Amino acid sequence: MFEGPVQDLIDELGRLPGVGPKSAQRIAFHLLAADPADVSRLQDVLQKVKQGVRFCEVCGNVSERERCRYCSDARRDPTLVCVVEEPKDVLAVERTREFKGRYHVLGGALDPLAGVGPDTLRIRELLARLGGTGPATDETEIAEVIIATDPNTEGEATATYLVRLLRDFPGLTVTRLASGLPMGGDLEFADELTLGRALSGRRAL
């Protein structure tokens, strides 16, 4: 172990997702050797992110304003909503250029072992949008909800739970991404062609 602040920095970096002890050590010593101006710039960006970035009041995507660019875009179809787990999944779907509706970001997936239940996710907000009581006044007639959770155990459990809830909305079509995505993977790692085909070939539930 290193002394004082150096070890503290390594420990904090090691808490980041995907960063192991050796990677944390490499990043820490890179920062120690970096130009002070570069470190200050990184510090400023981190502060701006924490202070200036919020979650869209409609869909839960990251945004600099109360509403993200997708919810603010009048050209997007307000009758079509794609439900994803995380903001990174929004970018994955957008890369396909197959979807012209709006999004709803749950903020994760059901995972009882990790303490993530329905009340932890933005499911209540989704039901409010479908019931016409959400923040967006032009979403009074959502016709289709595409469930685009990840093709893994947690994502499938979340999709099954949502389908049970959404059955109670008359006239609502609920669809799921078509098969073809590798099981156990994340949407963000799917190539644009595969995800685009899964989106355009979605199946009704």
Side-chain angles (χ1 to χ4, degrees), residues 17-18 53-65 67-111 116 118 121-123 125-130 134-136 138-167 169 171-205:
V53 175
R54 64 184 72 181
F55 292 97
C56 174
E57 66 174 2
V58 177
C59 73
N61 191 20
V62 290
S63 175
E64 291 184 287
R65 300 176 298 276
R67 296 194 180 186
C68 70
R69 59 180 174 173
Y70 306 114
C71 291
S72 301
D73 189 347
R75 296 170 297 180
R76 312 283 300 203
D77 184 357
T79 69
L80 187 59
V81 174
C82 182
V83 179
V84 297
E85 293 180 19
E86 304 285 355
K88 58 184 174 57
D89 299 324
V90 172
L91 296 181
V93 175
E94 282 297 298
R95 284 199 300 267
T96 69
R97 300 185 180 182
E98 290 283 343
F99 183 68
K100 304 301 179 185
R102 292 181 178 173
Y103 294 94
H104 189 85
V105 181
L106 294 173
L110 293 176
D111 188 356
V116 181
L121 306 178
R122 299 187 70 257
I123 295 176
E125 289 83 351
L126 174 62
L127 299 180
R129 292 176 71 178
L130 294 172
D138 59 344
E139 290 186 338
T140 55
E141 296 183 3
I142 295 176
E144 181 182 352
V145 171
I146 304 170
I147 300 178
T149 50
D150 288 339
N152 54 29
T153 304
E154 293 80 10
E156 291 298 328
T158 305
T160 301
Y161 181 80
L162 289 176
V163 169
R164 289 206 307 267
L165 292 179
L166 302 184
R167 285 185 189 145
F169 289 88
L172 178 68
T173 299
V174 182
T175 56
R176 182 82 167 111
L177 294 181
S179 57
L181 293 172
M183 282 300 295
D186 294 340
L187 289 190
E188 64 171 323
F189 299 128
D191 64 88
E192 289 87 345
L193 182 59
T194 301
L195 183 53
R197 286 175 175 171
L199 189 61
S200 60
R202 60 188 181 271
R203 64 189 189 278
L205 299 175

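All values derive from a computational prediction rather than experimental measurement. Hydrogens, waters and symmetry mates play no part in the numbers below; they use all other heavy atoms, side chains included.
Atom CG of residue Leu165 and atom CG of residue Leu126 lie 8.5 Å apart, to the nearest 0.5 angstrom. To the nearest 0.5 Å, the span separating CG on Asn61 from NZ on Lys88 amounts to 12.0 Å. The distance from the CZ atom of Arg102 to the SG atom of Cys59 is 9.5 Å, given to the nearest 0.5 Å. Note that the SG atom of Cys56 and the CZ atom of Arg69 stand 12.0 Å from one another [nearest 0.5 Å].
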*Chi angles and distances behind the side chain to side chain contact (heavy atoms under 4.5 Å, CB included) call for Val84, Leu106*: CA-CA 6 Å; Val84 297; Leu106 294 173; over 6 Å; no

*Could you go through the side chain to side chain contact (heavy atoms under 4.5 Å, CB included) check for Ile123 and Leu162 one step at a time?*
CA-CA 8 Å; Ile123 295 176; Leu162 289 176; 4.2 Å; yes

*For side chain to side chain contact (heavy atoms under 4.5 Å, CB included), just list the numbers for Ile146 and Phe99, CA-CA rounded to whole Å, side-chain angles, deciding distance to a tenth of an Å, and then say yes or no.*
CA-CA 10 Å; Ile146 304 170; Phe99 183 68; 3.8 Å; yes

*Evaluate side chain to side chain contact (heavy atoms under 4.5 Å, CB included) for Leu195 paired with Leu177, printing each intermediate quantity in order.*
CA-CA 8 Å; Leu195 183 53; Leu177 294 181; 4.0 Å; yes

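Listed by chain and residue number, Glu85, Glu154, Thr158 satisfy the side chain to side chain contact (heavy atoms under 4.5 Å, CB included) test with Ala109 (two or more places apart in sequence, or in another chain). Contacts of Tyr70 classified as ring pair (Phe, Tyr, Trp, His ring centres under 6.0 Å), with partners at least two apart in sequence or in another chain: Tyr103. Among residues two or more places apart in sequence or in another chain, the side-chain hydrogen bond (donor to acceptor under 3.5 Å, both in side chains) test is passed with Arg202 by Glu144. Every residue two or more places apart in sequence or in another chain that forms a side-chain hydrogen bond (donor to acceptor under 3.5 Å, both in side chains) with Arg75 is listed here: Asp73. Looking at residues two or more places apart in sequence or on another chain, you find no salt bridge (Lys or Arg N to Asp or Glu O under 4.0 Å) involving Lys100. Evaluation of the salt bridge (Lys or Arg N to Asp or Glu O under 4.0 Å) rule for Asp77 yields no partner, not counting sequence neighbours. Applying the side-chain hydrogen bond (donor to acceptor under 3.5 Å, both in side chains) criterion to Arg76, with sequence neighbours excluded, gives Glu94. Partners of Phe169 under the side chain to side chain contact (heavy atoms under 4.5 Å, CB included) rule, at least two apart in sequence or in another chain, are Leu127, Leu130, Leu166, Leu172. Residues forming a side chain to side chain contact (heavy atoms under 4.5 Å, CB included) with Glu98 (at least two apart in sequence, or on another chain): Thr96, Leu199, Ser200. Take Glu192 and apply the salt bridge (Lys or Arg N to Asp or Glu O under 4.0 Å) test, not counting sequence neighbours, and it matches Arg95. Judged as a salt bridge (Lys or Arg N to Asp or Glu O under 4.0 Å), and not counting sequence neighbours, Arg167 has no contacts. Arg176 meets the side chain to side chain contact (heavy atoms under 4.5 Å, CB included) test with Ile147, Thr149, Glu156, Ala159, Arg203, Leu205; sequence neighbours excluded.
Under the 3.5 Å distance criterion, the side-chain polar atoms of Arg67 are left unmatched by any main-chain donor or acceptor of Val58. Looking at His104, its side chain does come within 3.5 Å of a backbone N or O of Arg122 through a donor-acceptor pair.
By the 4.5 Å heavy-atom criterion applied to side chains, Leu80 and Cys82 are not counted as neighbours. At least one side-chain heavy atom of Asp89 sits under 4.5 Å from a side-chain heavy atom of Asp150.
Taking 4.0 Å as the cut-off between side-chain N and carboxylate O, Glu64 and Arg54 do not count as a salt-bridged pair.
In terms of heavy-atom proximity, Pro78 sits nearest to Ile142 at O-CG1, 3.7 Å.
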